[in-house]
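Written out below as structure tokens is the structure these notes cover.
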Amino acid sequence: MTGGRKLMVWAGAIVAVGAIVASVLLIRPHTRPMVLSGAVMRQDADPKKELPLADVTVAAVSNGSVIGDGKSDASGFFSIALRTRLWIGRSVMLQFRHADYQPLDQKDFIGDKVYVAKMVPLPYEASASRRSDVVVSNIQVRYSIKTTTTANVGSAVQAFEVANVGNVACAKQLPCSPDGKWKAAIGSKMLDAGENNEFRNARTSCIAGPCPFTKIEDEDLLQNSRMLKVSARNWSDTATFLVEAEVVHPMVSDMIRTSYPVTFGQALNFTMPGAAEGITIQAEVNGEAIVYPLGPNLYLSWADCNARVNKDQTKVYRCELKPGYRFP
């Protein structure tokens, strides 16, 4: 075999090997760091009763080894960062555990998807009939919101002049008329509403002089504050302006409001504004009206509660009855 043929044979072999390697790399499943996320909820035939489950332990298992774990939050959301780089499409076992629900082992695969798990509650062991359960009824949620009311304590009226001589060319000596042609003057007036008072409905107008050749500079008047400053521009003869405003005294007070939660199955649900304070739950327990302060620990003797905060800062509460209690 001549040298030229040998070279062609070797070149062909190298190209073939390169093609094989490239095809293997393309066909082989991709691997990358993965985060598995999803939601876990109670299984129920009624969608309204498929409540999100908090504090569910979630583990991802592959080949008998735990490769990632985490817990669900108050909204049922969980996120697991896998500790091992795995192929997309590889099988994985998701294990869900909660003391009040049957263990759930869910076969799935690794991919860019949302994982949804539904857990079956443990059977309620009732040695007596439902008549022995404590009935919780007539539930109300009360809270306070800080509101501001105002008392009108008077009004402020002040006049001020802006002196100027008309028909004088500006000659680029500021201030000038809006078109830059005539020499102008700017005058201002500052008003003080007094300590703990504020101005409302401030307005300024020209009342004397060549008003068509004037302009209120501060059209967006500084309102709802103790100090009020107004300015006016005049590019003709002296003009007089009048500024007026109501003076109010703001007062902050607590307004008590009442909300009525919605019950689905064994859980009651309600939402609170982000600024709500002093949340209490009033309920009749075995016919006796009792008020339960809902502190930061969300403790109730007859229910387990959790809360989550939405993006708009409103809070979503869910309280699930403990064994031995029921709604009417």
Side-chain angles (χ1 to χ4, degrees), residues 141-260 270-280 308-316:
V141 181
R142 293 189 176 184
Y143 61 98
S144 64
I145 290 287
K146 291 193 180 298
T147 59
T148 301
T149 58
T150 59
N152 195 311
V153 296
S155 61
V157 180
Q158 289 285 335
F160 66 98
E161 290 184 351
V162 180
N164 192 47
V165 177
N167 296 319
V168 178
C170 180
K172 297 183 180 180
Q173 298 295 318
L174 299 179
C176 301
S177 59
D179 59 5
K181 183 177 181 180
W182 303 110
K183 178 182 177 299
I186 295 178
S188 61
K189 189 69 176 179
M190 179 78 76
L191 301 183
D192 187 347
E195 190 171 356
N196 298 324
N197 293 332
E198 295 179 357
F199 287 112
R200 295 286 194 277
N201 302 319
R203 60 266 185 200
T204 304
S205 58
C206 177
I207 60 172
C211 292
F213 302 97
T214 65
K215 178 185 178 183
I216 307 301
E217 291 291 290
D218 295 331
E219 294 182 339
D220 293 328
L221 299 177
L222 182 62
Q223 299 194 49
N224 299 350
S225 65
R226 174 178 173 176
M227 305 304 296
L228 172 62
K229 181 181 179 180
V230 294
S231 300
R233 182 185 299 260
N234 174 25
W235 57 95
S236 186
D237 292 334
T238 299
T240 302
F241 298 84
L242 184 69
V243 56
E244 300 177 272
E246 280 82 41
V247 181
V248 300
H249 182 74
M251 297 173 290
V252 179
S253 59
D254 290 329
M255 178 176 289
I256 305 300
R257 295 183 177 179
T258 302
S259 174
Y260 296 89
F270 59 94
T271 61
M272 288 285 104
E277 298 178 346
I279 302 173
T280 61
R308 71 176 189 271
V309 181
N310 291 331
K311 291 183 179 180
D312 60 358
Q313 298 305 307
T314 57
K315 295 182 179 180
V316 182

- Message: One thing to verify: whether Glu246 and Arg203 come together as a salt bridge, which I'm taking to mean a side-chain N less than 4.0 angstrom from a carboxylate O.
- Response: yes

- Query: Taking C-beta and beyond as the side chain, do Tyr143 and Pro273 meet within less than 4.5 Å on heavy atoms?
  - Reply: yes

- Message: Restricting to non-hydrogen atoms, name the atom on Gly166 and the atom on Asp237 that form the minimum distance, rounded to 0.1 Å.
- Response: N-OD1, 2.9 Å

- Item | Residues Asn310, Val316; criterion side chain to side chain contact (heavy atoms under 4.5 Å, CB included); working and verdict | CA-CA 7 Å; Asn310 291 331; Val316 182; 3.4 Å; yes

- Note on the structure: Separation between NE2 (His249) and CD (Glu198), nearest 0.5 Å, reads 9.5 Å

- Note on the structure: Interatomic distance, CG@Asp192 vs CZ@Phe199, rounded to 0.5 Å, equals 6.5 Å

- Message: Tell me whether Asn164 contacts the main-chain N or O of Ser236 through its side chain, where contact means a donor paired with an acceptor under 3.5 Å.
- Response: yes

- Query: Going by heavy atoms in the side chains, are Met272 and Val141 under 4.5 Å from each other?
  - Reply: yes

- Item | Rounded distance (nearest 0.5 Å) linking atom OG1 of Thr204 with atom CD of Glu217 | 12.0 Å

- From Lys215 atom NZ to Asn234 atom CG, the distance as rounded to the nearest 0.5 Å: 13.5 Å

- Point-to-point distance, once rounded to the nearest 0.5 Å, from CD1 of Ile145 to CE of Met255: 10.0 Å

- Message: Give me the atom names and distance for the closest heavy-atom approach of Ile207 to Cys211.
- Response: N-SG, 3.9 Å

- Message: Looking at every non-hydrogen atom in both residues, tell me the closest pair between Pro210 and Ala239 and how far apart they are.
- Response: CD-CB, 4.4 Å

- Just wondering, more than 12 heavy atoms not from Phe270 lying within 6.0 Å of its CZ? yes

- Specify the closest pair of heavy atoms between Pro250 and Thr150, including all atoms of both residues, with the distance to one decimal. CA-CG2, 4.1 Å

- According to the interplanar angle, ranging from 0 to 90°, do the rings of Phe241 and Phe160 count as parallel (below 30°), tilted (30 to 60°) or perpendicular (above 60°)? parallel

- Item | Leu228 versus Ala245, closest heavy-atom pair with distance | CD2-CB, 4.0 Å

- Item | Heavy-atom pair of closest approach, residues Ser177 and Ala184 | N-CB, 3.9 Å

- State whether the side chain of Ser144 and the backbone N or O of Glu277 hold a donor-acceptor pair below 3.5 Å, judged by distance alone. yes

- Message: Counting C-beta onward and ignoring hydrogens, is there a side-chain heavy-atom pair between Thr271 and Thr314 closer than 4.5 Å?
- Response: no

- Rounded to the nearest 0.5 Å, how far apart are CG of Asn201 and OG of Ser155? 11.5 Å

- Message: A side-chain contact here means heavy atoms from C-beta on lying under 4.5 Å apart; do Thr147 and Ser253 qualify?
- Response: yes

- Query: Is there side-chain contact between Arg233 and Val162, with heavy atoms separated by less than 4.5 Å?
  - Reply: no

